[in-house]
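Read through the structure below, which is laid out as structure tokens, and then see the notes.
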Amino acid sequence: MTDTSVKQQSSAAFYGQAVASFSVAMVATAVGIFKLQADTWVRAFLGVAVLYLVTSCFTLAKVIRDRQEAHLAQRSYSPFEKL
């Protein structure tokens with residue numbers, strides 16, 4: 001008996017919305033930091049903090065996805081499981 005695994009893919013519209021949302025958020029944050037009435041070192045610190053937050057969010061999302069995929073790959077199904 002073959003076990004076919006179905007990998008669910010996001011639609012192109014969902015992918016486009018995610019990319020657009022991320023782009024708008026990054027541009028808005030950059031403009032907000034640039035226009036901030038503060039010293040240059042304060043704006044630089046905020047810019048580095050935003051970049052660190054973004055990279056750590058990407059890393060966290062990847063780790064969660066990898067753990068879920070590993071967990072799903074580990075599961076073995078018995079042919080009589082649904083009985």
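Rounding to the nearest 0.5 Å places CD of Gln37 at 8.0 Å from CZ of Arg43. One finds the CG atom of Asp66 at 6.0 Å from the CD atom of Glu69 (value rounded to the nearest 0.5 Å).
The shortest heavy-atom contact between Met26 and Leu51 is CE-CD2, 4.2 Å. When all heavy atoms of Ile33 and Val50 are compared, the pair lying nearest together is CD1-CG2, 3.9 Å.
Each of Leu53, Leu60, Thr55, Val54 was compared with Cys57 under the side chain to side chain contact (heavy atoms under 4.5 Å, CB included) criterion, and only Leu53 meets it.
The environment of Arg65 atom CZ is dense: over 12 non-hydrogen atoms of other residues, nucleotides or ligands sit within 6.0 angstrom.
At distances below 3.5 Å, at least one donor-acceptor pair connects side-chain atoms of Ser56 with backbone N or O atoms of Tyr52.
Transitive grouping of hydrophobic side chains (ILVMFWY, heavy atoms separated by less than 4.5 Å) keeps Phe14 and Val19 in distinct clusters.
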